[in-house]
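Here's the structure we're looking at; comments come further down.
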Amino acid sequence: MCRHISDDCVRLTENRMAETNTGSCLCGAVTFRTHGRLRGIVYCHCSQCRKQTGHFYAATNVADGCIDVSGGDMLKWYAASAKARRGFCSNCGSALFWKHQDLDYVSVLAGAFNKPTGLEPACHIFVEDKGDYYEINDGLPQFPHSTPSVQVADN
Ligand SMILES: [Zn+2]
Ligand SMILES: [Zn+2]
C-alpha cells in the first residue's frame, strides 16, 4: 500500500502509468490531487451520509500520504461522531472527505473528482438504514451495515 509521499508512492504511480486524479469542491476553493490507483466506489446509505450529502454517499479512499489538498484554509471539518469527521468547503458547502481518527486513509467523495475519473462501483453499505424513497437495484453487493473490508464510523 502507498502510505506516504515516498519512493514507494512514486514507484507505484509510475507503475500505473502515472495515475493521478484531481478534483475540487463546487466553487473551486478547495482542490486535491491523488496519487495511485483509487479503490472502487462504496455507496453508504447511513443517516449521517444521507443528511450530509442530501442523498447517499459515494466515495473512494486514498492513503493519507497519497493526497495533496490545496485551499485547506477553506476546508472545515465537522465531527459527526466521536471517531470520525467530515470535511467540506466552508464557502460552497461541498462535501469532500470523511476521516476516521484511527485509520491512515481518507475517504474522498466520488462526485468531487474531475472526469475522467476511472472510478468503478463496488458495493452498498448500511442499506438497513437507507432512505425510504428509493430502491437499490444495480446488482452490486449490499451489506446491512459495514463490511470487514470497509471501515466506517460508529454511529
Ligand atoms: Zn467550495
Ligand atoms: Zn455513511
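Note that ligands are numbered from 1 as they come in the structure, with each ligand's atoms numbered from 1 the same way. These figures come from a predicted structure and were not determined experimentally.
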Cut-off 3.5 Å, no hydrogens considered: what does the side-chain donor-acceptor table look like for residues 89-96, sequence neighbours left out?
| residue | atom | partner | partner atom | Å |
| --- | --- | --- | --- | --- |
| Ser90 | OG | Met74 | O | 2.8 |
| Ser94 | OG | Leu26 | N | 2.9 |

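For the pair His35 and Thr20, the minimum side-chain heavy-atom distance is below 4.5 Å. Residues Cys49 and Arg86 are in side-chain contact: their nearest non-hydrogen atoms beyond the backbone lie under 4.5 Å apart. Annotation: side chain of Leu38 is in contact with side chain of Phe113 (closest heavy-atom distance under 4.5 Å).
Not counting sequence neighbours, the partners of Tyr133 by the ring pair (Phe, Tyr, Trp, His ring centres under 6.0 Å) test are His55. With sequence neighbours excluded, the residues that form a side-chain contact (heavy atoms from CB on, under 4.5 Å) with Ser70 are Thr31.
For the pair SG of Cys49 and SG of Cys46, the angle whose vertex sits at the Zn ion (ligand 2) is 110° to 10 degrees.
For His45, every N, O or S atom stays at 2.8 Å or more from the Zn ion (ligand 2).
The number of protein N, O or S atoms lying under 2.8 Å from the Zn ion (ligand 1) is 4.
Taking the six-membered ring where tryptophan is involved, the planes of His124 and Phe56 are perpendicular, since the angle between them exceeds 60° and thus also 30°.
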